[in-house]
Amino acid sequence: MDGLLLELVKVSRSFGATRALHELDLRLSPGRITAIVGENGAGKSTALRLCAGELAPDAGEVRVGGRALHPARPEEAIRRGVGLVHQHFMLVDGFTALENLVLGAEPMRGLRIDFAAARREACALAERTGLEVDFERRAGELTVGERQRLEILKVLYRRARAVLLDEPSAVLAPSEVGELYAALRRLADDGATVAVVTHRLDEVVRFCDEALVMRRGELAARTPLGAERPPELVAELTRAIMGREPPAPLGRPAAPDPGPEPVLELGGVELRDAAGRRLLDGISLALSAGEIVGVAGVDGNGQRELVRVCAGLERATAGTVRVGGRDPFAGVHPGPAAVRAARRAGLVVVHEDRQREELVLAASLGDNALLGDLGAGHDAERVARRLARFAVEPATPRLPAQALSGGNQQKLVLGRARDRQVRALVVSQPTRGVDVGTARRIQTALAEAAAAGAAVLCVSADLSELAALCHRIVVVRRGRIVCELPPDASEDAFGRAMLGVEAA
Amino acid sequence: MSGPSAADGGRVTYWRVLFVVSATLLVLALLCFAFGQAPHAVLARAFAGTWGTPYGIGQVMFKATPLLFCGLAFHVAFRAGLFNIGAEGQLALASLAAAWVASKLPASVPAVVALPATLAVAMLVGGGYAAIAGVLRARFGVHEIIAGIMLNRSADVLLPWVLAAGLGADSMRSADIAQGARLPRLDFIPGLHGSAASLAFPLAVLCTFGLYLWLDRSRAGREMRWIGQGPDACLAQGVEVPRRRIEAMCLSGAVAALGVTGTVLGYKGYYELGLGSGAGFSGIAVAMLGRAHPVALVSAALLFGTLAQAGLAVNASVPKEAMAVLEALVILLVAGSAHGDRARRARPGRAKPPAPDAPAEPSLDAPAEGAPSPGSTA
Amino acid sequence: MSSWLSMLPETLRISVPYACAAVAGVWAERSGVIHIGLEAVLLTSSFSSVAAAVASGSLLVGMLAGVLAGVVVSVGHALLVERARVDAVVSGVALNLLAYAATRLALRGLYDSASNSPSIAGFDLGPKGGDVGAMLARVLLDPVTLGAALVIAASPWLLARTRLGLRLRACGESPEAARSLGIDVVRTRVLALAISGAIGALGGVHLAFDQHRFESGMSAGRGFIALAAVVLSGWRAGRAALACLVFGALEALQIALQDVSGTSKATTLVQLLPYVATLVVLALGIGRAAAPRGLGQRVDDG
């Protein structure tokens, strides 16, 4: 495979008033795996999307193989050999894996698509790269790992010589990550240009050849990773990313004495979808007052459903949720009424997608602070209290919620949740997409809630967050709790549990 | 993807007004030439027949009344994120019901009883018919656009049948309504004498301002707006999304039903097939033009009322359908120019415009809130 | 008795405009464009076909003009929705109003009539005579019917097996994914709407040629019934055409009933059936999952 050099030359790009990239110079060379790291909003994904023709630069030039990428459109980038694997998979769920593979580059036989030839080529490609996918299944039915492999195959099927991946490991279990990088290494050894945007610095140090550190839309540092990879490299990269010393590790609150009766108790909770598949399969869990329990697992293994059952948005098809020994959902239809019933019982839930499930972005901060509590009186007072609790900036009640940064949005969400009467707090991905400083503030708030006597159930994809915060961690897979691990268990142990390897 | 819907026509800028007006005039001129008329002469005649005389003004108000009610109806539902395109059927059925009830009232019943009773029946029928679409959306996840179309067509089929079979009318009109149920004409205003304008128009304006205020201040109104902007968040925070949606739809249907004041109660004195038809669809255009403010809504209704009346005024030289063509054109131009305008505002270096009043893009894949469906999370 | 037997050719004849409009709806909505402007397509194409046939004296020219008009309206809808970002529902409603008003205006301008155009000759191929066999032969030999049957029969295959079909469905299911693969979503949708317009226009042409003239508002809600068929079929061309055949049979039955007794209650019920059936089927949740996932979604250009 010929090498394909990708360059951004003095590239600037803004979205509305937000400057994402400022005169960025970036080189992605063939034959190696380049990691692009940086905080949220540093412009990493924007840089990749520019390379792939999905965005056009406001100023500067994107060069593919030494020539400007013009017109800046995906089809042109694909034609020139650039392939991008998005963080959110770009698959047509209703199509088979094979249809997804050939879409846009269909082998033809007369008027119709030659699926037989496509299948032959797909199998050959899968064999050559070691990326196995069941091509006859619908994309919507594939596992997360398979979907990711299919995305990479899609790129290779189009004869890409530069493969760009945006957060490829965010949804994978640790051992799948190893397989992913093994496949990427084969590509790089073949001469392909491989670039990976990632948050996981341990991966960067273990698998990549070079790290480009971005900060506020500019290149802050460029760290070649030679044969020598001392452990302090991770700390060094962290400093480069933040531009200052990383905060001291979070002190976990002392484990409480188990009380006589659990505050939050899930008893054999089961949830089936319309087709009868078990999304949750007998989840049993008891939390005492002051206890923080983590839920780990590969995304899509029932975490979301678990949170929705606790919130009252779904009714468990079997089993119960009890708060202080009482089932708040008895005799209530799932939906708003159940949400309010849970809240009356002191069960407060913070959902993972704060922009969709927690906030009305177009409505004002004041309205959002009152969302769900309108009509209870003392509106102005309540708004002021909820904005002040975690110091939302700016605390202007008339401002629309979409004007806030992700971190401040989450502060508002937590301020509202904590202002309610809390006996049990269920939070999902509390620090996703939030800058490091705010993330620390939010984690501290969770610890404080526990210290004040609440039981806290924390679902997170960030193992290090769970390890720092929780007293114990349960691992879920296919809607089932497969094991419970202490927070200091090795990442390897978590990985095996998340993938169910130990059974084999 | 989830940008504000194109019906974000609330913001009126000079650029847009200029664009829409000049394009409309251009098409009008072309139509005039096609019919061998001088555009300025046609324009002059159109003006003389509308805003040029007190009588013309009265006629414009008369034409604008059902449009304003239907525009207001669309706006109410739209605030809650719903497309009520069923106003056409709601108004028609409500008109029939109101005319029937009013015709059954004894002549001795005073207006203070007859009028409210008739209006209540109209609102009940309009709101009830809209409730079908509301319940189908909120409880069964059927999109209200499809439901609205089907219900409109059902009303079209039902009306002649009810008239003929149910009321025993052999002609396609109901009996005359009782005197007490008639709305007074605006005859007492000098000059309006002879025009079809009645108290219905001031009533419509009053309703517009009142309802806007209610939507902004009341708990139900505020929650409806939030639901329109972020239904998932509202649901997750315990706002009664299905109930509010049904309420919004009923309210919308009831408001559309008030259009009957301008046609049956204030003008004809009976219902006949086709009376007030078209107002439901034109109301969508009125709402699109004037969503931002009650004054804008009233102006938009007057604009389309003017077009309709101007059509009659010029009919001898240019067919009145020309004005209907212009009306459709104005809808498309206004809706289409919103994008160009938005794109201009969103240029780099300028602040992204907040769209405080725009519900998320409707999709035809409407999940039923509150219905026990674990599959919907998968 | 012959009125009962004649229901078969009658059903076929009546179904053609419905089926064309429904399959047009499937093509449009499968690509992700909500299309409630099918009435506009039917009306403009029937008017244009008659106007061109009157002017040229050739039915073939009329047919072509009708198809062209359908394509123009349909593509116009696509451009308004995808380029000018007009809401698809608003655009559909406005186009229906526009088509109704513009055809009436043109009637007055061209023929100085508020209700109908001058008569045109039909194709009138096949045997003369009133027996069922001759009626059936006439229906089956009608070039517009044949053309419509051809494109309707080919539609499921075209959508499933060809490059255009696959890409078009991808745009309807997940426009973002399609765009990321370098598929021009806007162009694909415009193309889909062009095909949709041509197919729908055949229905309009059939309507006009069948009546041997254009009448104001002659589509009479057929576009909306077709939309019901689209939803009932789960957005599948073959099933939508079948549903239209059933609707056509119901209408033929209703005509036959009127011949027999003139009862209006039964005919009202028959007329209501498509609408009520659609609502019931949707409420039961049968068709909901089948709707294209990306229906009404747009992609933003970088």
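Each chain gets a letter, A, B and so on, in the order the sequences are listed, and its residues count up from 1. These numbers come from a predicted model, not from an experiment.
Looking at C:I225, neither its backbone nor its side chain comes within 4.5 Å of chain B, counting heavy atoms on both sides. In this structure, the portion of C:A220 lying under 4.5 Å from any heavy atom of chain B is its backbone and not its side chain. Neither the backbone nor the side chain of B:L326 has a heavy atom closer than 4.5 Å to any heavy atom of chain C. Contact of B:I132 with chain C is not made at all, since no heavy-atom distance falls under 4.5 Å. Interface remark: B:L332 contributes backbone and side-chain atoms alike to the contact with chain C (heavy atom separation under 4.5 Å). The contact between C:L98 and chain B is made by backbone and side chain atoms together, counting heavy-atom distances below 4.5 Å.
The greatest number of non-hydrogen atom pairs below 4.5 Å with chain B, out of C:A94, C:A88, C:A99, is found for C:A94. When C:L272, C:L97, C:V276 are compared by the number of non-hydrogen pairs under 4.5 Å with chain B, C:L272 comes out ahead. Between chain C and the options B:G278, B:S154, B:A285, the largest number of non-hydrogen pairs under 4.5 Å is found for B:S154. Contact count against chain C (heavy-atom pairs under 4.5 Å) is highest for B:E321 among B:E327, B:E321, B:M323.
The cationic atom of B:R153 (NZ for Lys, CZ for Arg) does not lie both less than 6.0 Å from the six-membered ring centre of C:F224 and within 45° of the ring axis.
For the residue pair B:S277 and B:E88, no side-chain donor N or O sits within less than 3.5 Å of a side-chain acceptor on the partner. Counted by atom type alone, B:D156 and C:Q271 present zero donor-acceptor pairs between their side chains at under 3.5 Å. Between the side chains of C:S216 and C:R104, at least one donor N or O lies within less than 3.5 Å of an accepting N or O.
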Practice task
Please assess C:R236 against C:V26 for the test side chain to side chain contact (heavy atoms under 4.5 Å, CB included), listing each intermediate value before the final yes or no.
Solution key: CA-CA 6 Å; C:R236 272 166 291 200; C:V26 169; 6.0 Å; no

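Residues C:E39 and C:R222 are not paired through a salt bridge, judged by the lack of any N-O separation under 4.0 Å between the basic side chain and the carboxylate. Remark: C:E173 does not engage C:R293 in a salt bridge, criterion side-chain N to carboxylate O under 4.0 Å.
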